[in-house]
Number of protein chains: 2
Amino acid sequence: MTVDQTDRELLALLQQDATQSYAVLGQAVGLSAGAAHERVRKLKASGVIRRTTIEVDPAALGSGVLAYVLLDSDAWMGDAPTLQALKDIAAVEEAHITAGAASVLVKVRTTSTEALQAALRALHQVDGVTGTQTIVVLESFFERPPAVGATPA
Amino acid sequence: MTVDQTDRELLALLQQDATQSYAVLGQAVGLSAGAAHERVRKLKASGVIRRTTIEVDPAALGSGVLAYVLLDSDAWMGDAPTLQALKDIAAVEEAHITAGAASVLVKVRTTSTEALQAALRALHQVDGVTGTQTIVVLESFFERPPAVGATPA
DNA sequence: CATCTTAACCGAATCTCATTTGGCATCTGC
DNA sequence: GCAGATGCCAAATGAGATTCGGTTAAGATG
């Protein structure tokens with residue numbers, strides 16, 4: 001699908017606040033409510049918009065501990081069983097295969113350092129993992145959604 | 001604010017799909033539409049729900065390169081000027097002060113390796129930064145919203 | 001150049017759902 | 001046991017999502 005400048009503006013506006021009416025959205029980009037609706041419908045249908053969701057404050061739910069963990073391994077970790085094992089650990093928010101010394105990088109958020117320890121234990125038990133290096137976050141400057149601005153030349 | 005089990009269920013449902021009607025939400029948790037609405041309203045007012053937003057597929061917009069960058073520094077980086085400097089780099093999605101060897105960890109997403117290089121250049125120019133270590137992501141297993149389940153004992 | 005096709009837009013009509021209101025039951029503290 | 005507060009339901013109202021018919025503009029085709 002072609003995503004033009006107007007679409008990007010709509011995406012940016014919806015990223016900031018997905019509850020605004022199509023009338024307002026349309027006005028902001030110079031379209032009628034109907035036309036804005038049609039564009040957004042297509043963006044959803046084509047998968048550019050994955051879903052509409054809420055952003056929850058982790059601190060409000062007691063998840064105050066954030067850490068990044070590098071996993072060392074003695075086998076290839078890029079396959080489905082590894083993925084599933086990581087997904088099954090609720091504290092794991094992201095998991096990526098990486099280039100460099102470690103093979104996998106995971107982002108972990110827990111309610112306490114005790115819970116972090118439990119998560120690390122679980123990570124150690126994942127097949128193939130031989131060791132971990134943990135980077136504990138002291139303070140988050142910000143976490144924001146991906147930029148949607150026009151692709152620079 | 002007190003967040004009980006029903007609230008957590010509502011949060012989980014809204015995280016999956018924030019477009020469902022309050023009638024459906026209420027039914028799912030055993031409440032009337034009005035009561036569900038009232039709970040969600042309070043969650044928003046109290047800041048547990050930060051905002052309603054859309055999740056955009058970065059790949060669909062051409063942002064296929066993801067990397068984590070560790071920043072070394074010769075000064076304390078935990079202050080507002082550093083925050084602002086990092087925020088001004090559009091490719092930076094997250095920035096955290098960390099314990100450990102490096103002082104700051106940033107998540108960077110770009111359209112190409114050339115753009116990644118440009119982002120690294122910009123990071124080097126941030127006041128206090130003396131060096132960087134970059135972890136390039138080869139493949140993302142998943143990136144999901146924070147868990148909202150009941151806090152285990 | 002005339003015509004056909006397609007895509008995108010607008011404005012109006014319809015219909016669903018968010019939001020508000022009033023009243024009842026439950027629980028708390030006095 | 002009583003007053004106040006909290007949380008719920010059911011019903012009314014209005015806003016806004018969604019649909020539809022018709023128009024224009026931009027290419028393609030001959």
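Chain identifiers are assigned alphabetically (A, B, ...) following the order of the sequence lines, protein sequences preceding nucleic acid strands; residue numbering begins at 1 within each chain.
- Taking the charged nitrogens against the carboxylate oxygens, Arg39(A) and Asp7(A) do have a contact shorter than 4.0 Å, which makes a salt bridge.
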query = Do Ser103(A) and Ser73(A) pass the side-chain hydrogen bond (donor to acceptor under 3.5 Å, both in side chains) test, and can you show the C-alpha distance, the side-chain angles, and the key distance before you say yes or no?
reply = CA-CA 7 Å; Ser103(A) 49; Ser73(A) 68; 3.0 Å; yes

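- Each of Leu13(A), Val29(A), Val48(A), Val3(A) was scored for a side-chain contact (heavy atoms from CB on, under 4.5 Å) with Arg8(A), with one residue passing: Val3(A).
- Of the possible polar contacts, one joining the Gln20(A) side chain to the Asp17(A) backbone as a donor-acceptor pair under 3.5 Å is found.
- No single ILVMFWY cluster, assembled from side-chain heavy atoms under 4.5 Å apart, contains both Leu66(B) and Ile97(A).
- Between Leu138(A) and Thr98(B) the shortest side-chain heavy-atom distance does not fall below 4.5 Å.
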Contacts under 3.5 Å, N or O only, protein and nucleotides 23-28 of chain C:
none

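- Residue Leu25(B) contributes atom CG, which lies 12 Å from atom P of dT19(C) at whole-angstrom precision.
- Here the side chain of Arg144(B) pairs a donor or acceptor atom with the backbone of Val92(A) at under 3.5 angstrom.
- A rotation axis mapping the C1' atoms of four pairs onto the next four is fitted at both ends of the helix from dC1(C)-dG30(D) to dC30(C)-dG1(D) over five pairs, and the angle between these axes is 40° to 10 degrees.
- Rounded to a whole Å, the NZ atom of Lys42(B) is 15 Å from the C1' atom of dT19(C).
- Using cut-offs of 30° and 60° for the angle between ring planes, the His96(B) and Tyr68(A) rings count as tilted.
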Base versus backbone protein contacts along nucleotides 15-24 of chain D [heavy-atom cut-off under 4.0 Å; B, S, -] = -SSS------

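- The CD-P distance, from Glu38(A) to dC10(C), rounds to 12 Å in whole Å.
- Between Lys107(B) and Glu143(A), none of the side-chain N atoms (NZ, or NE/NH1/NH2) sits under 4.0 Å from a carboxylate O, so this pair counts as no salt bridge.
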